[in-house]
Every structure is written in C-alpha cells, then in structure tokens.
There are 2 protein chains.
Amino acid sequence: MSLRHALLGLLADRPMSGYQLTRAFDGSLAHVWSARHSQIYPELARLRDKGLIDLVDEGPRGRKTYAATPEGIEELRRWMLETDGDRGGRDPAYLRVFFLWLLEPADAAAYVRRLAEHHRTTLARYEAAAAEGSPTTARERAFRVALEAGIRHERALLDWAGWALHELEPSR
Amino acid sequence: MSLRHALLGLLADRPMSGYQLTRAFDGSLAHVWSARHSQIYPELARLRDKGLIDLVDEGPRGRKTYAATPEGIEELRRWMLETDGDRGGRDPAYLRVFFLWLLEPADAAAYVRRLAEHHRTTLARYEAAAAEGSPTTARERAFRVALEAGIRHERALLDWAGWALHELEPSR
DNA sequence: GCCTCCATGTAATTGGTTACATGATTCT
DNA sequence: AGAATCATGTAACCAATTACATGGAGGC
C-alpha cells in the first residue's frame, strides 16, 4: 500500500495538513504517485489510529496538522527496503503508443506531437526547479536526486518523440 | 478504463484467448499495463456483451479465442484520441527515491544499485528484442517505436542511477 | 455581500489483487 | 503415474475515483 508510505514520507519531512498533502500530490510527486483528498483523509485517520502519525496542531477552518511519529518513520524505513511486490508501472499514455498502428498516420503523428509537448513543458518545469539554489541538507540533496530522475526521464522521452515522428513518416 | 482498451488493442492485432492475453501482460506490455486473469476473464465477458469483441473459436481445455469487432476497433480509436483524464503514472520504485534521505547512506546506495541492476537487465532484454529482425508491417513498426521508448527510458534511468550513486556519497 | 480558496469529511461505485476452485492436456 | 502447463472462472477484499455535502476565512 504505497499511499500510506507516501503520506508518511511527506510527514517525515515536516508536519502537514490533509489539504497540504493533497496539494503535494499535484506537485512534484504527481508523476510517481497521486491521490485525491477523499482517499487521503480516511487514510490519515487510519495512520493516526495505528500511532504512525500524530495530530500536532489544530488551526482555523478545522485545519488538522499531522506529523510522523518515530514508529511511523520506522515503518517507512521498513517499506523502503522491502522492494519485492512492486508491480510494473502503469502508463496509459505509453500504452497507447503500442496501438498507434491503428490510427491514420496523421493522427498518430499528432498524438506523438502532443506527448512531446507534454514532455517539453514538464522538463522545463523540472529544470527550473533544479536551477534554483543548491541543496544543502540531506533531505534537499535527496530531493534533487529524485528531481534529476524526472529530468532525465522527460528528456529521454522528448528525444524519443522526435525520433518517433521521423520513424512513423508514411513515406518511410 | 484502460484495461478494456489494452485488451481491445491486443485483440485488434490478432485473436487471442484470455490465457494468452494474461501472458501478454507479463511480457512486453508489463511496464505500461498489467492485469491478472481474474480481472481479464470478466472483462472479456463484458466486452463480448457490448459487441466489442467476438468469440471466434473454442479449443481444447475450454479455450476461448476472441477477436476485436469493427465496433471494438472503433471504440479503441476513439480512446486513442481522447487523452484527457490520463492521470499521472504511478511508480513505487521512484516514490521511494524521494524518501532516500531517511535511510542510512549505505542503505540508500544499495537501493539505487538495485534499481540500476533492474534497469540494466530490462534494457538488455529490450535491446535484444529490438535487434532481432527489422519491422515490415505498420503494426511491427509501431511496436518497434514503442520498444524504443522503453529502451530510452531504461537507458536514461540507468545513467541516472550511476550519477545518483556519485551524488549520494556521504563524503560530498 | 459575493467570490475564491481553504479545509474536511462521507457515500457510492469502479478498478484491481489475492485467494479459492476446478479440470484438461502434454511431457517425461 | 506424476508434474508442469494450459485454461477458465468466482468470491472476498482492498484501493482509488467520482460525487455528494458542508462550512470557515480572507479578499474585494
């Protein structure tokens, strides 16, 4: 169950509310995991029941801020090293690429161009994030390492899209 | 619902049984989508009810072979062009990378080395598949294009792992 | 006063995994 | 005869999305 550990990981860094966690899944974490608030709030309640997180503050508008407990961090560390059971990633965008042959060449090319556009914007966003300030803490350095994976991934697929457009030309 | 369209895409290429489809998800498709037989068989029944696939043959051991109908291919084409609603990919292996700072440096390095090993074997498998014969049909050429995305993805992350190991050295 | 964003929750439904259950064919 | 593989299905459970529902705080 990765959602649980994603929440623990975020809360191990700093205390956050369910609302802030929801927004974290729309940000830098979006390409590796995501979740809606309707899944997050009940999961936070379960994590609290198990003593893996603590309610550390209550603010305006009913805001509840949680932090990971030592037991929570322990559980997260355990999960980090327990790699088997990882199932292959799921990616509808690249599932479609397997079936491009069913489209008219013009539609297939348009699809690949749209993918390229998407990779281009994401890459720019990541590169901008990487450019601002150099990491100092272990946490910041690890984040930079994760970001680099995203950058190389986006760059590789952007290059691929260019190659693919050439390869899919009907004339060839 | 991507499973439905993955099945349609596979059956658009050639008629297959539920068992063969199950194995297809363990093969080249594994890194973009996967499903167990317990999900596939009921879905095939639903697809048949909707007239998107036909039962074209029954063989030994109760084997049932299905093929996509024209309506099925039409539905698949529609899905190919309807890209919104794609949610970000999910990848527990790279979710862990965001939390590497929580591990002892030695454990973090071991984790990255394991990722590298995984990318190395997958890359070798893809490159071997790419090396055998040159594609002739539109279907084969599109498959080669999809394979190339896999190759570049694996290569990029293998390179990343090497860089990350250097970057995570405690001495730095 | 109204709009936007902050903030949390529940209910209904669909998607996906694990476990249960059965049996035929082929190979050795 | 026994093992491996082929082959299909159902049931129970867990994970995730969509829709429903409510209200406070801050800006204009």
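Computed from a prediction, not measured in an experiment: that's the story for all the values here. In what follows, every chain begins at residue 1, and chains take the letters A, B, ... in the order their sequences are listed.
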Chemist: From the set dA16(D), dT17(D), dT8(D), return the single nucleotide nearest to any side-chain atom of Arg36(A).
Modeler: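 Nearest listed nucleotide: dT17(D).
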Chemist: When you measure from the side chain of Arg61(B), which nucleotide among dT8(D), dT8(C), dA24(C) comes out closest?
Modeler: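 The closest nucleotide is dA24(C).
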Chemist: Distance check: side-chain N/O of Tyr41(B) vs OP1/OP2 of dG9(D), anything under 4.0 Å?
Modeler: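 No, Tyr41(B) has no side-chain N/O under 4.0 Å of OP1/OP2 on dG9(D).
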Chemist: Using a heavy-atom cut-off of 4.0 Å across all strands, would you classify Arg46(B) as base, sugar-phosphate, or nothing?
Modeler: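 No contact.
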Chemist: Report which part of the nucleic acid Arg23(B) touches: base, sugar-phosphate, or nothing (heavy-atom distance under 4.0 Å, all strands).
Modeler: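 Sugar-phosphate: the residue Arg23(B), judged by heavy atoms under 4.0 Å, touches backbone atoms but no base.
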Chemist: Can you check the Asp57(A) CG to dC6(C) C1' distance for me, whole Å?
Modeler: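 My rounded result for the distance is 15 Å.
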Chemist: Would you kindly check whether a donor in the side chain of Ser38(B) faces an acceptor in the base of dT18(C), or vice versa, at under 3.5 angstrom?
Modeler: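 Looking at the base of dT18(C), it does pair with a donor or acceptor on the side chain of Ser38(B) (distance under 3.5 Å).
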Chemist: Taking CH2 from Trp33(B) and P from dT17(C), how many angstroms apart are they, rounded to a whole number?
Modeler: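 Atom CH2 in Trp33(B) sits about 9 Å away from atom P in dT17(C).
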Chemist: Can you tell whether the side chains of Arg155(B) and Glu127(B) come within less than 4.0 Å, N to carboxylate O?
Modeler: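 Looking at Glu127(B) together with Arg155(B), the answer is yes, because their closest N to O distance falls below 4.0 Å.
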Chemist: Can you figure out which of dA16(D), dC6(D), dC6(C) approaches the side chain of Arg63(A) most closely?
Modeler: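 The nucleotide sitting nearest to the side chain is dC6(C).
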Chemist: Which listed nucleotide (dG16(C), dC6(C), dG9(D)) is nearest to the side chain of Arg90(A)?
Modeler: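 Of all the options, the side chain of Arg90(A) is nearest to dG16(C).
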Chemist: Tell me: CZ of Phe25(B) to C1' of dT17(C), nearest whole Å?
Modeler: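 It is 15 Å, rounded to the nearest whole Å.
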Chemist: Using the ring pair (Phe, Tyr, Trp, His ring centres under 6.0 Å) rule, pick out the option among Trp160(B), Phe99(B), Tyr111(B) that qualifies with Tyr94(B).
Modeler: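 The single option meeting the ring pair (Phe, Tyr, Trp, His ring centres under 6.0 Å) with Tyr94(B) is Trp160(B).
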Chemist: Between Gln39(B) and dT17(C), is there a side-chain N or O to OP1/OP2 distance below 4.0 Å?
Modeler: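 For dT17(C), OP1/OP2 do have a side-chain N/O of Gln39(B) under 4.0 Å.
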Chemist: Round to a whole Å and report the spacing from CZ of Arg4(B) to P of dT14(C).
Modeler: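 So the CZ-P distance, Arg4(B) to dT14(C), works out to 11 Å.
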Chemist: Whole angstrom is fine here: how far is it from CE in Met1(B) over to P in dA16(D)?
Modeler: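 Nearest whole value for this atom pair: 17 Å.
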Chemist: Measure from the side-chain heavy atoms of His37(B) and tell me the nearest of dG16(C), dA7(D), dA19(C).
Modeler: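 The answer is dA19(C).
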Chemist: Report, as yes or no, whether the 6.0 Å neighbourhood of atom CZ on Arg114(A) holds more than 12 heavy atoms from other residues, nucleotides or ligands.
Modeler: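 Buried by this count: over 12 neighbours within 6.0 Å.
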Chemist: Check Arg152(B) with Glu148(B), please: is the shortest side-chain N to carboxylate O separation under 4.0 Å?
Modeler: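 Yes, this pair counts.
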Chemist: Can you tell me how far C1' of dC14(D) sits from CD of Glu43(A), to the nearest Å?
Modeler: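 Distance, rounded to whole Å: 11 Å.
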Chemist: Tell me: CG of Leu44(B) to P of dG9(D), nearest whole Å?
Modeler: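 It is 8 Å, rounded to the nearest whole Å.
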Chemist: Rounded to whole angstrom units, what separation is found between the CD1 atom of Ile40(A) and the C1' atom of dG9(C)?
Modeler: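 Rounded to whole Å, this separation is 13 Å.
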Chemist: Output the single nucleotide from dG16(C), dA19(C), dT5(D) whose closest atom is nearest the side chain of Tyr19(B).
Modeler: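 Taking heavy atoms from C-beta onward, the closest nucleotide is dT5(D).
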Chemist: Kindly state whether the ring of His153(B) and the ring of Tyr126(B) have centres lying under 6.0 angstrom apart.
Modeler: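 No: the rings miss the under 6.0 Å criterion.
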